[in-house]
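Everything on this sheet refers to the single structure shown next.
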There are 2 protein chains.
Amino acid sequence: MARPRSFDPDDVLEIARQVFWQKGFQATSLDEITAASGIAKPSLYAAFGDKHALFLRVLDRYHDGILGWAERVLAQPGPAREAIRQWLTGFIPYCSGEKGQRGCLSINSATDGSLDQAALRKSIERYNRRLEELLRTRLRADREQFKKGFDPDITAHTIMVVHAGLMALAHQTPDSKQVKAVIEQVMGLLA
Amino acid sequence: MARPRSFDPDDVLEIARQVFWQKGFQATSLDEITAASGIAKPSLYAAFGDKHALFLRVLDRYHDGILGWAERVLAQPGPAREAIRQWLTGFIPYCSGEKGQRGCLSINSATDGSLDQAALRKSIERYNRRLEELLRTRLRADREQFKKGFDPDITAHTIMVVHAGLMALAHQTPDSKQVKAVIEQVMGLLA
DNA sequence: CTCATTCTGTACTTATAAGTACATAACGAA
DNA sequence: TTCGTTATGTACTTATAAGTACAGAATGAG
């Protein structure tokens with residue numbers, strides 16, 4: 001009964017994610033997003049609200065993508081050790097080489113001083129909490145696969161720290177072999 | 001033979017560091033720095049050049065401060081294990097609680113899409129390289145304190161990753177006890 | 001076919017912030 | 001004291017980018 005939208009919002013979110021991820025929230029102007037997507041500003045504003053809201057949508061989408069993947073990988077049968085190794089290894093393409101240079105959208109955003117801190121923190125905290133929950137749940141469930149005294153809660157958090165460190169250092173474009181070596185060494189904590 | 005400068009450049013760098021650290025490079029306007037320091041813009045430009053140059057001075061100062069401290073701590077006599085534990089523990093006040101919220105100026109800047117990437121990367125790479133060198137040198141020197149098969153090079157890099165991870169997750173204001181627990185667990189790699 | 005409704009694109013307003021022109025002030029040398 | 005030199009402060013220019021007004025286009029209902 002009225003003119004239909006000429007684009008798929010999800011496509012635009014995908015494009016916006018690429019642009020924001022490459023340049024950061026502040027350094028990205030809406031004009032760059034209109035240029036990349038072909039959608040004019042009024043349409044973006046009508047569909048997503050202002051720049052902050054658009055970014056939060058993009059960030060949530062990013063978080064959900066990683067969470068969905070983590071859920072699948074960490075639910076796989078077999079030893080917990082292998083599931084976690086595979087989870088960590090899966091990040092290698094994103095934290096080494098040229099592609100790693102952009103780092104992690106979530107970690108990058110955490111430092112962006114011009115974002116609405118309340119909403120941003122909430123989104124990032126939720127993401128980190130869920131990720132750590134997935135790790136913790138798996139480690140707790142398979143607790144008896146590890147040696148006496150193994151603490152699944154602390155270990156889950158340590159793995160989160162290692163993950164964050166790898167993504168934070170990704171901006172230096174480290175070699176994938178080096179990242180692999182770090183992961184293998186950290187696997188030593190899962191014994 | 002001419003009018004002397006009315007301020008100590010180092011004082012201004014110190015103030016600028018606080019402001020930049022709190023809000024990030026882009027989100028900080030020069031007006032905020034003039035407000036915080038009491039120095040008018042033309043004086044800042046005369047003394048430091050433009051905003052980028054000022055920030056790079058601030059960042060180098062930040063790096064040098066941490067490097068100097070790391071050098072002292074990691075050169076201390078006794079077991080390498082203890083030196084490294086002390087080094088990591090020293091970061092706890094900066095990566096937990098309220099003060100931790102601002103994170104690490106170096107890591108934060110790495111994601112700032114509007115900085116001159118070439119100069120910035122150079123500064124950060126130098127910092128990380130030197131820090132890792134200090135760790136590696138100490139671990140190599142005291143190699144025989146660890147068990148057979150210990151790899152000082154990979155271990156030094158892993159410690160860098162853990163350090164970066166702690167600073168990256170600092171924005172969530174974790175509890176210092178939790179950070180301490182992670183450090184203790186990671187110390188398990190130094191055996 | 002026509003109308004109500006919602007989307008689209010051009011072109012605008014407005015705010016913010018980087019960088020600077022210029023007049024003036026403070027100093028040391030002679 | 002006077003002059004050359006360099007710093008300071010006010011007030012400006014200018015560029016960029018967020019957000020919007022408005023006229024016109026596209027649809028389904030009746």
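Residue numbering restarts at 1 for every chain, and letters A, B, ... go by the order of the sequence lines.
Proximity of residues 37-62 of chain B to DNA chain D (heavy atom under 4.0 angstrom from any strand atom) is restricted to Ala40(B), Pro42(B), Ser43(B). Contacts between residues 14-31 of chain A and DNA chain D, defined by a heavy-atom separation below 4.0 Å, involve Thr28(A), Ser29(A), Leu30(A), listed by number.
Inspection of the Gln185(A) and Thr158(B) side chains reveals an N or O donor paired with an N or O acceptor under 3.5 Å. A donor-acceptor pair shorter than 3.5 Å can be found between the side chains of Ser114(B) and Asp112(B).
Contacts of His157(A) classified as ring pair (Phe, Tyr, Trp, His ring centres under 6.0 Å), with partners at least two apart in sequence or in another chain: none.
Listed by first then second residue, pairs satisfying salt bridge (Lys or Arg N to Asp or Glu O under 4.0 Å) with a partner in residues 174-187 of chain A read Arg85(A)-Glu184(A), Lys180(A)-Glu184(A), not counting sequence neighbours.
No side-chain donor-acceptor contact under 3.5 Å links Ser96(B) to the backbone of Pro93(B). A donor-acceptor contact shorter than 3.5 Å is absent between the side chain of Lys23(A) and the backbone of Gln18(A). A side-chain donor-acceptor contact under 3.5 Å links Glu32(A) to the backbone of Ser29(A).
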Task: Full working for side chain to side chain contact (heavy atoms under 4.5 Å, CB included) between Lys41(A) and Asp31(A) - done: CA-CA 8 Å; Lys41(A) 267 194 282 188; Asp31(A) 289 332; 3.4 Å; yes

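The CD atom of Gln178(B) lies 9.0 Å from the CD atom of Gln172(B); values are rounded to the nearest 0.5 Å.
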Task: Under 4.0 Å protein heavy-atom contact, by nucleotide of nucleotides 24-30 of chain C - B base, S sugar-phosphate only - done: -BBBS--

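Between Tyr62(B) and Phe20(B), the closest side-chain pair of non-hydrogen atoms is not below 4.5 Å.
Of the residues Val179(A), Leu166(A), Ile92(A), the one that meets the side-chain contact (heavy atoms from CB on, under 4.5 Å) test with Pro174(A) is Val179(A).
A 4.0 Å heavy-atom criterion places the boundary nucleotides of DNA chain D facing chain B at dG4(D) to dT10(D), written 5' to 3'.
Transitive grouping of hydrophobic side chains (ILVMFWY, heavy atoms separated by less than 4.5 Å) brings Phe150(B) and Val161(B) into a common cluster.
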